[in-house]
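The structure appears right after this line, and notes come after that.
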Amino acid sequence: MLDVKCAVFGRLENNCYLITDSASGYSALVDCTDDSDKMLGFIKNVNLKYILLTHGHYDHIGGVKTVKEMTGAQVVISEKDAPMLTSSRLSLAAFTGGKQNNVEADILISDGDVIKLGDSEISVISTPGHTQGGVCYLCDDKLFTGDTLFFCSCGRTDFPGGSSSEIIKSLKRLSSLDGNLLVYPGHDRQSSLDFERANNPYMK
């Protein structure tokens with residue numbers, strides 16, 4: 001069973017999720033906006049095994065370097081988005097005044113991979129469109145969608161590497177998943193897959 005805690009960070013109000021396998025006590029952080037005192041307090045005293053990145057834009061990776069160094073957690077990102085970890089241009093930090101602390105990935109993932117967190121299994125779903133290498137993470141009835149699926153909306157596709165046709169395909173793929181999954185997006189409020197199927201204009 002997976003326990004989920006959420007906190008909001010940064011000027012873009014990113015959702016970061018601390019997920020913990022209740023049986024083992026092992027934790028992972030889904031996206032890592034910054035290395036502020038608030039972030040470090042959020043993950044304080046947990047056994048952090050992974051930093052699971054949904055994609056490589058600066059507002060999702062700004063604190064990865066510090067958190068990795070402090071906790072020894074392994075950095076997990078798709079192969080296509082991994083170059084963003086070491087390029088302020090690719091992460092868009094260079095164009096926005098965002099923070100870029102270069103860091104290397106430890107684990108490169110692709111569609112269908114499974115990450116073991118104690119007794120929990122986290123499945124990787126490739127969802128390009130917002131970025132070429134965007135992914136969602138699925139565990140139990142919980143779906144962490146990054147900037148692919150939002151409450152009644154979806155991620156922007158006008159940045160380099162974005163594609164409106166690809167994100168629609170990705171949203172259709174998410175819509176086809178079994179069950180009324182809990183949706184944990186990278187920004188804005190949480191939702192459910194049934195609600196998004198019925199109300200999100202980009203999923204119809």
Straight-line distance of [X] [atom1] to [Y] [atom2], nearest 0.5 Å:
X: T145; Y: H130; atom1: OG1; atom2: NE2; answer: 11.0 Å
X: N101; Y: D35; atom1: CG; atom2: CG; answer: 6.0 Å
X: K99; Y: I61; atom1: NZ; atom2: CD1; answer: 12.0 Å
X: L52; Y: Y17; atom1: CG; atom2: OH; answer: 13.5 Å
X: M39; Y: L18; atom1: CE; atom2: CG; answer: 9.5 Å
X: D141; Y: L193; atom1: CG; atom2: CG; answer: 11.0 Å

Would you say [atom1] of [X] has more than 12 non-hydrogen atoms from neighbouring residues, nucleotides or ligands within 6.0 angstrom?
X: K68; atom1: NZ; answer: yes
X: E13; atom1: CD; answer: no
X: D178; atom1: CG; answer: no
X: Q100; atom1: CD; answer: yes
X: K5; atom1: NZ; answer: no
X: E69; atom1: CD; answer: yes
X: K38; atom1: NZ; answer: yes
X: R11; atom1: CZ; answer: yes

*asked:* Salt bridge or not between R173 and D111? Use side-chain N to carboxylate O under 4.0 Å.
replied: yes

If every non-hydrogen atom of [X] is compared with every non-hydrogen atom of [Y], which pair is closest and at what distance?
X: F42; Y: L29; answer: CE2-CD1, 4.0 Å
X: G186; Y: F150; answer: N-CE2, 4.2 Å
X: L85; Y: E104; answer: CD1-C, 4.3 Å
X: R197; Y: D194; answer: NH1-OD1, 2.6 Å
X: S36; Y: F9; answer: OG-CD2, 4.1 Å
X: G133; Y: D81; answer: N-OD1, 2.9 Å

*Run the ring-centre check on Y26 versus Y50 and record whether the distance is less than 6.0 Å.*
no

*asked:* Between F151 and H187 (judged by ring centroids, cut-off 6.0 Å), do the two rings come close enough to count as a pair?
replied: no

*asked:* Test of understanding: clusters of I, L, V, M, F, W, Y form through side-chain heavy atoms closer than 4.5 Å, transitively. Do L181 and I125 belong to the same one?
replied: yes

*With hydrophobic residues grouped by side-chain heavy-atom distances under 4.5 Å, do M70 and V103 end up in a single group?*
yes

*asked:* So, applying side-chain contact (heavy atoms from CB on, under 4.5 Å) with F144, which one of V183, V4, N15, L149 is it?
replied: V4

_Y137 (side chain) donor-acceptor with L53 (main chain) under 3.5 angstrom_ = yes

Side chains of [Y] and [X]: any donor to acceptor distance under 3.5 Å?
X: D31; Y: T54; value: yes
X: T148; Y: T127; value: yes
X: T157; Y: S164; value: no

*Hey, are the side chains of Y184 and I19 touching, using non-hydrogen atoms and a 4.5 Å cut-off?*
no

